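Before any comments, here is the structure.
Position 1 is the first residue of the sequence, and the numbers go up from there. Whatever order the structure lists them in is the order used to number ligands and atoms, beginning at 1. Everything numeric here is computed off the predicted structure, so don't read it as measured data.
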Amino acid sequence: MTDIILHHFDSSPFAEKVRLALGLKGLEWFSVEIPMVMPKPALTALTGGYRKTPVMQIGADIFCDTQCIAAALEQRFPTPSLFPHDSRGLCLALSQWSDNAFFQPGAGLSMGTNTELPEDILQDRREFFNFLDFSTLEQQLPHLYSQFRAQLQLVETMLADGRGYVLGNAASWADILAYFPIWMCRGNIASAASLLQSLPALLTWEKRMQQIGHGKPTHMAPEQALAIARDTAIDAVPEISAEAWPALELHTAVTVTPQDYGAVPVAGELLRLTQDEVAIRREDELAGEVVVHFPRIGYYVEASA
Ligand SMILES: N[C@@H](CCC(=O)N[C@@H](CS)C(=O)NCC(=O)O)C(=O)O
(Lines give C-alpha, C1' and ligand atoms only; values in the text may rest on other atoms or scores of the structure.)
Protein backbone atom coordinates (compact mmCIF):
# COMPACT_ATOMS: atom_id res chain seq x y z
CA MET A 1 0.00 0.00 0.00
CA THR A 2 1.74 3.18 -1.17
CA ASP A 3 -1.24 5.55 -1.52
CA ILE A 4 -0.36 8.89 0.01
CA ILE A 5 -2.97 10.44 2.27
CA LEU A 6 -2.38 14.00 3.47
CA HIS A 7 -4.30 15.22 6.52
CA HIS A 8 -4.35 19.03 6.27
CA PHE A 9 -6.40 22.19 5.74
CA ASP A 10 -6.13 24.63 2.84
CA SER A 11 -4.79 27.66 4.72
CA SER A 12 -1.99 25.79 6.56
CA PRO A 13 1.46 27.10 5.52
CA PHE A 14 3.24 23.94 6.74
CA ALA A 15 0.78 21.86 4.69
CA GLU A 16 1.61 24.05 1.68
CA LYS A 17 5.21 22.80 1.99
CA VAL A 18 4.06 19.22 1.55
CA ARG A 19 1.52 20.04 -1.18
CA LEU A 20 4.38 21.66 -3.12
CA ALA A 21 6.65 18.64 -2.52
CA LEU A 22 3.87 16.44 -3.92
CA GLY A 23 3.60 18.86 -6.86
CA LEU A 24 7.36 18.84 -7.46
CA LYS A 25 7.28 15.05 -7.61
CA GLY A 26 4.10 15.05 -9.75
CA LEU A 27 2.34 12.63 -7.38
CA GLU A 28 -1.27 11.54 -7.01
CA TRP A 29 -2.53 11.73 -3.42
CA PHE A 30 -5.61 11.65 -1.24
CA SER A 31 -6.63 14.77 0.64
CA VAL A 32 -8.32 14.53 4.05
CA GLU A 33 -9.46 17.87 5.39
CA ILE A 34 -8.88 18.21 9.14
CA PRO A 35 -10.34 20.80 11.56
CA MET A 36 -8.22 23.93 12.11
CA VAL A 37 -8.64 23.72 15.89
CA MET A 38 -8.95 20.98 18.48
CA PRO A 39 -10.63 18.52 18.83
CA LYS A 40 -9.42 16.51 15.80
CA PRO A 41 -10.64 13.01 16.71
CA ALA A 42 -9.84 11.18 13.46
CA LEU A 43 -6.36 12.74 13.23
CA THR A 44 -5.39 12.08 16.84
CA ALA A 45 -6.67 8.48 16.56
CA LEU A 46 -3.97 8.05 13.90
CA THR A 47 -1.22 10.02 15.62
CA GLY A 48 -1.85 9.19 19.28
CA GLY A 49 -2.28 12.87 20.22
CA TYR A 50 0.03 14.84 17.89
CA ARG A 51 -2.23 17.61 16.61
CA LYS A 52 -0.12 19.71 14.29
CA THR A 53 -0.81 20.17 10.59
CA PRO A 54 0.05 18.42 8.30
CA VAL A 55 0.27 14.67 8.89
CA MET A 56 0.92 12.15 6.11
CA GLN A 57 -0.42 8.60 6.13
CA ILE A 58 0.71 5.70 3.96
CA GLY A 59 -1.35 2.67 4.94
CA ALA A 60 -0.82 2.17 8.69
CA ASP A 61 2.33 4.33 8.76
CA ILE A 62 1.73 7.86 10.01
CA PHE A 63 4.32 10.60 9.43
CA CYS A 64 4.31 13.64 11.70
CA ASP A 65 6.15 16.90 10.96
CA THR A 66 7.18 18.23 7.56
CA GLN A 67 10.84 17.19 8.10
CA CYS A 68 9.77 13.59 8.47
CA ILE A 69 7.22 13.81 5.64
CA ALA A 70 9.83 15.19 3.22
CA ALA A 71 12.25 12.36 4.06
CA ALA A 72 9.52 9.70 3.72
CA LEU A 73 8.39 11.05 0.35
CA GLU A 74 11.97 11.18 -0.91
CA GLN A 75 12.62 7.59 0.15
CA ARG A 76 9.53 6.23 -1.60
CA PHE A 77 9.45 8.56 -4.65
CA PRO A 78 13.09 9.57 -5.27
CA THR A 79 12.65 11.25 -8.68
CA PRO A 80 12.63 14.16 -9.16
CA SER A 81 14.54 14.70 -5.96
CA LEU A 82 13.65 17.18 -3.21
CA PHE A 83 17.39 17.22 -2.49
CA PRO A 84 19.16 17.70 -5.86
CA HIS A 85 22.97 17.96 -6.09
CA ASP A 86 23.36 15.87 -2.88
CA SER A 87 21.77 18.68 -0.86
CA ARG A 88 19.84 16.57 1.68
CA GLY A 89 21.82 17.74 4.73
CA LEU A 90 21.78 21.38 3.70
CA CYS A 91 18.07 21.28 2.87
CA LEU A 92 17.06 19.63 6.14
CA ALA A 93 19.27 21.98 8.16
CA LEU A 94 17.64 24.95 6.45
CA SER A 95 14.30 24.11 8.07
CA GLN A 96 15.75 25.40 11.37
CA TRP A 97 15.89 28.80 9.68
CA SER A 98 12.61 28.75 7.77
CA ASP A 99 10.42 27.14 10.46
CA ASN A 100 11.69 29.40 13.24
CA ALA A 101 13.40 32.69 12.31
CA PHE A 102 11.31 33.19 9.15
CA PHE A 103 7.95 31.54 9.99
CA GLN A 104 7.57 32.82 13.56
CA PRO A 105 7.50 36.61 12.90
CA GLY A 106 5.17 35.80 9.98
CA ALA A 107 2.86 33.89 12.33
CA GLY A 108 2.91 36.84 14.77
CA LEU A 109 2.01 39.24 11.95
CA SER A 110 -0.76 36.91 10.76
CA MET A 111 -2.24 36.73 14.26
CA GLY A 112 -1.79 40.46 14.84
CA THR A 113 -2.91 41.91 11.48
CA ASN A 114 -5.33 39.48 9.80
CA THR A 115 -8.67 40.87 10.91
CA GLU A 116 -10.56 38.06 9.18
CA LEU A 117 -9.34 35.25 11.45
CA PRO A 118 -12.32 33.73 13.31
CA GLU A 119 -12.31 34.05 17.12
CA ASP A 120 -12.06 30.27 17.73
CA ILE A 121 -8.83 30.10 15.71
CA LEU A 122 -7.33 33.13 17.46
CA GLN A 123 -8.26 31.63 20.81
CA ASP A 124 -6.72 28.24 19.93
CA ARG A 125 -3.50 29.74 18.55
CA ARG A 126 -3.07 32.06 21.58
CA GLU A 127 -2.60 28.92 23.67
CA PHE A 128 -0.74 26.97 20.96
CA PHE A 129 1.92 29.39 19.65
CA ASN A 130 3.99 29.66 22.84
CA PHE A 131 6.74 31.51 20.95
CA LEU A 132 4.48 34.61 20.80
CA ASP A 133 3.56 36.91 23.68
CA PHE A 134 -0.05 37.71 22.80
CA SER A 135 -0.42 40.22 25.67
CA THR A 136 1.98 42.62 23.87
CA LEU A 137 1.42 41.56 20.25
CA GLU A 138 0.11 44.97 19.15
CA GLN A 139 3.29 46.74 20.41
CA GLN A 140 5.51 44.07 18.82
CA LEU A 141 4.12 44.50 15.30
CA PRO A 142 6.74 47.03 14.05
CA HIS A 143 9.54 44.72 15.24
CA LEU A 144 7.86 41.66 13.70
CA TYR A 145 7.52 43.52 10.37
CA SER A 146 11.24 44.40 10.55
CA GLN A 147 12.20 40.77 11.22
CA PHE A 148 10.01 39.35 8.47
CA ARG A 149 11.21 41.96 5.94
CA ALA A 150 14.86 41.18 6.80
CA GLN A 151 14.24 37.47 6.12
CA LEU A 152 12.63 38.36 2.77
CA GLN A 153 15.83 40.22 1.94
CA LEU A 154 17.84 37.05 2.60
CA VAL A 155 15.69 35.21 0.05
CA GLU A 156 16.23 38.06 -2.43
CA THR A 157 19.98 37.72 -1.83
CA MET A 158 19.89 33.95 -2.38
CA LEU A 159 18.37 34.57 -5.82
CA ALA A 160 20.08 37.84 -6.75
CA ASP A 161 22.48 36.36 -9.35
CA GLY A 162 19.47 35.42 -11.51
CA ARG A 163 19.48 31.69 -10.71
CA GLY A 164 16.19 29.86 -11.20
CA TYR A 165 16.04 28.33 -7.74
CA VAL A 166 17.80 28.60 -4.37
CA LEU A 167 20.29 25.80 -5.17
CA GLY A 168 20.68 26.58 -8.88
CA ASN A 169 18.68 25.23 -11.77
CA ALA A 170 16.42 22.68 -10.03
CA ALA A 171 13.62 23.32 -7.54
CA SER A 172 14.32 21.70 -4.17
CA TRP A 173 13.15 21.43 -0.57
CA ALA A 174 15.28 24.57 0.03
CA ASP A 175 12.95 26.54 -2.27
CA ILE A 176 9.89 25.16 -0.53
CA LEU A 177 11.32 26.20 2.86
CA ALA A 178 12.15 29.71 1.65
CA TYR A 179 8.76 30.04 -0.04
CA PHE A 180 6.18 28.86 2.49
CA PRO A 181 6.38 31.94 4.81
CA ILE A 182 5.92 34.11 1.69
CA TRP A 183 2.83 32.07 0.75
CA MET A 184 1.54 32.65 4.30
CA CYS A 185 2.29 36.36 4.02
CA ARG A 186 0.25 36.71 0.81
CA GLY A 187 -2.79 35.11 2.43
CA ASN A 188 -2.63 36.57 5.92
CA ILE A 189 -0.45 39.60 6.59
CA ALA A 190 -1.77 43.17 6.22
CA SER A 191 0.47 45.21 3.86
CA ALA A 192 1.76 42.02 2.16
CA ALA A 193 2.02 43.81 -1.19
CA SER A 194 4.18 46.61 0.20
CA LEU A 195 6.32 44.17 2.21
CA LEU A 196 7.00 42.20 -0.95
CA GLN A 197 7.72 45.09 -3.29
CA SER A 198 11.30 46.01 -4.21
CA LEU A 199 12.34 42.34 -4.23
CA PRO A 200 12.62 41.67 -7.98
CA ALA A 201 14.45 38.33 -7.88
CA LEU A 202 12.12 37.01 -5.17
CA LEU A 203 9.01 38.05 -7.13
CA THR A 204 10.18 36.31 -10.32
CA TRP A 205 11.01 33.14 -8.36
CA GLU A 206 7.68 33.32 -6.48
CA LYS A 207 5.86 32.99 -9.85
CA ARG A 208 8.02 29.94 -10.64
CA MET A 209 7.14 28.43 -7.26
CA GLN A 210 3.43 29.01 -7.88
CA GLN A 211 3.72 26.98 -11.08
CA ILE A 212 4.93 23.85 -9.26
CA GLY A 213 1.35 23.07 -8.28
CA HIS A 214 0.14 20.39 -5.86
CA GLY A 215 0.25 17.18 -7.91
CA LYS A 216 -3.09 15.36 -8.26
CA PRO A 217 -5.21 15.37 -5.08
CA THR A 218 -8.48 13.45 -4.68
CA HIS A 219 -10.81 14.08 -1.74
CA MET A 220 -11.01 11.35 0.93
CA ALA A 221 -13.27 11.20 4.01
CA PRO A 222 -11.51 10.83 7.41
CA GLU A 223 -13.42 7.58 8.08
CA GLN A 224 -11.95 6.08 4.92
CA ALA A 225 -8.43 7.01 5.99
CA LEU A 226 -9.03 5.35 9.37
CA ALA A 227 -10.37 2.22 7.61
CA ILE A 228 -7.20 2.11 5.45
CA ALA A 229 -5.02 2.31 8.59
CA ARG A 230 -7.03 -0.52 10.20
CA ASP A 231 -6.94 -2.73 7.10
CA THR A 232 -3.25 -2.31 6.22
CA ALA A 233 -0.27 -4.01 7.86
CA ILE A 234 2.43 -1.70 9.22
CA ASP A 235 5.37 -1.28 6.87
CA ALA A 236 8.10 0.12 9.15
CA VAL A 237 11.16 -2.09 9.61
CA PRO A 238 12.42 -2.24 13.26
CA GLU A 239 15.83 -0.60 13.70
CA ILE A 240 17.69 0.77 16.69
CA SER A 241 20.97 2.26 15.55
CA ALA A 242 23.97 1.74 17.81
CA GLU A 243 24.82 5.47 17.89
CA ALA A 244 21.32 6.64 18.73
CA TRP A 245 20.71 8.48 21.98
CA PRO A 246 19.12 7.80 24.41
CA ALA A 247 20.19 4.14 24.68
CA LEU A 248 16.84 2.36 24.52
CA GLU A 249 15.95 -1.19 23.54
CA LEU A 250 13.55 -2.16 20.79
CA HIS A 251 9.95 -2.39 22.15
CA THR A 252 10.63 -0.11 25.16
CA ALA A 253 7.52 1.86 26.16
CA VAL A 254 8.33 5.48 25.32
CA THR A 255 6.80 8.87 24.74
CA VAL A 256 7.71 11.19 21.88
CA THR A 257 7.03 14.90 22.41
CA PRO A 258 7.75 18.00 20.28
CA GLN A 259 10.28 20.29 22.01
CA ASP A 260 8.42 23.39 20.86
CA TYR A 261 4.72 24.31 20.76
CA GLY A 262 1.89 21.74 20.68
CA ALA A 263 3.97 19.56 23.04
CA VAL A 264 1.55 16.64 23.46
CA PRO A 265 3.40 13.39 24.35
CA VAL A 266 2.60 10.42 22.08
CA ALA A 267 2.98 7.04 23.80
CA GLY A 268 3.92 3.77 22.14
CA GLU A 269 6.44 0.96 21.80
CA LEU A 270 9.81 1.92 20.30
CA LEU A 271 10.23 0.46 16.82
CA ARG A 272 12.81 2.71 15.18
CA LEU A 273 15.45 5.03 16.64
CA THR A 274 18.06 6.38 14.24
CA GLN A 275 19.76 9.76 13.74
CA ASP A 276 16.92 10.76 11.38
CA GLU A 277 13.85 9.24 12.84
CA VAL A 278 11.99 7.87 15.84
CA ALA A 279 8.99 5.62 15.19
CA ILE A 280 6.63 4.04 17.70
CA ARG A 281 4.04 1.30 17.37
CA ARG A 282 0.67 1.83 18.98
CA GLU A 283 -2.79 0.31 18.99
CA ASP A 284 -5.87 2.45 18.64
CA GLU A 285 -9.55 1.61 18.84
CA LEU A 286 -10.35 3.56 15.64
CA ALA A 287 -7.07 3.26 13.70
CA GLY A 288 -5.94 -0.25 14.68
CA GLU A 289 -2.20 -1.03 14.81
CA VAL A 290 -0.21 1.93 13.50
CA VAL A 291 3.39 3.14 13.48
CA VAL A 292 3.82 6.86 14.13
CA HIS A 293 7.02 8.38 12.70
CA PHE A 294 8.66 11.62 13.90
CA PRO A 295 11.90 13.37 12.95
CA ARG A 296 14.71 12.97 15.49
CA ILE A 297 15.57 16.69 15.50
CA GLY A 298 13.30 18.69 17.80
CA TYR A 299 11.61 15.77 19.59
CA TYR A 300 12.10 14.34 23.09
CA VAL A 301 12.22 10.53 23.29
CA GLU A 302 11.76 9.30 26.87
CA ALA A 303 11.16 5.92 28.45
CA SER A 304 7.68 5.90 29.99
CA ALA A 305 7.69 6.04 33.77
N1 LIG B 1 7.20 21.29 13.06
C2 LIG B 1 5.91 21.13 12.47
C3 LIG B 1 5.12 22.44 12.58
C4 LIG B 1 3.69 22.33 12.03
C5 LIG B 1 2.81 23.51 12.44
O6 LIG B 1 3.16 24.33 13.30
N7 LIG B 1 1.63 23.58 11.83
C8 LIG B 1 0.64 24.57 12.22
C9 LIG B 1 -0.28 24.85 11.03
S10 LIG B 1 0.50 25.54 9.66
C11 LIG B 1 -0.30 23.96 13.21
O12 LIG B 1 -0.13 22.82 13.59
N13 LIG B 1 -1.29 24.71 13.67
C14 LIG B 1 -2.23 24.22 14.64
C15 LIG B 1 -3.13 23.14 14.13
O16 LIG B 1 -3.20 22.90 12.91
O17 LIG B 1 -3.82 22.55 14.94
C18 LIG B 1 6.08 20.70 11.01
O19 LIG B 1 7.12 20.96 10.42
O20 LIG B 1 5.17 20.03 10.47
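At a 4.0 Å cut-off, not a single heavy atom of Phe103 sits close enough to ligand 1 to count as contact. The shortest heavy-atom distance from Lys40 to ligand 1 is under 4.0 Å. By the 4.0 Å heavy-atom criterion, Met184 is excluded from the residues contacting ligand 1.
Annotation: Glu249, atom CD; neighbour count of heavy atoms from other residues, nucleotides and ligands within 6.0 Å does not exceed 12. For Glu285, the CD atom is loosely surrounded, since the number of other residues' heavy atoms within 6.0 Å does not exceed 12.
The distance from the CG atom of Leu6 to the CD1 atom of Ile34 is 8.5 Å, given to the nearest 0.5 Å. In this structure, CD1 on Ile182 lies 8.5 Å from CZ on Arg186, to the nearest 0.5 angstrom.
Residue, atom and distance of the protein heavy atom nearest to atom 19 (O) of ligand 1 are Thr66 OG1, 2.5 Å. From the protein, the heavy atom lying nearest to atom 13 (N) of ligand 1 is Phe128 CE2, 3.4 Å. Atom 4 (C) of ligand 1 has Thr53 O, 3.4 Å as its closest protein atom, hydrogens excluded (heavy atom only).
Ring planes of Phe294 and Tyr50: perpendicular class, angle over 60° (limits at 30 and 60°).
Under the 4.5 Å side-chain contact rule for hydrophobic residues, Val266 and Ile297 do not share a cluster. Under a hydrophobic-cluster definition in which Ile, Leu, Val, Met, Phe, Trp and Tyr are linked whenever side-chain heavy atoms come within less than 4.5 Å, directly or via other members, Val18 and Phe9 are assigned to different clusters.
Relative to atom 9 (C) of ligand 1, the option among Cys64, Ser12, Gly262 with the closest non-hydrogen atom is Ser12.
Considering backbone and side-chain N/O of Asp65, one or more are found under 3.5 Å from N/O of ligand 1. Looking at Arg51 next to ligand 1, an N or O pair under 3.5 Å apart turns up. When only interatomic distances are considered, the shortest N/O to N/O separation between Tyr299 and ligand 1 does not fall below 3.5 Å.
Residue-level proximity to ligand 1 for Met38 is absent, since no heavy atom of it falls below 4.0 angstrom.
A 4.5 Å side-chain heavy-atom check between Pro39 and Thr44 finds every atom pair outside the cut-off.
Remark: ligand 1 atoms within the under-4.0 Å shell around heavy atoms of Phe9 are 16 (O). The atoms of ligand 1 that sit less than 4.0 Å from any heavy atom of Tyr261 are 3 (C), 5 (C), 6 (O). Listed by number with element, the atoms of ligand 1 under 4.0 angstrom from any heavy atom of Lys52 are 3 (C), 4 (C), 12 (O).
Gln123 and Arg126 share a side-chain donor-acceptor pair at under 3.5 Å.
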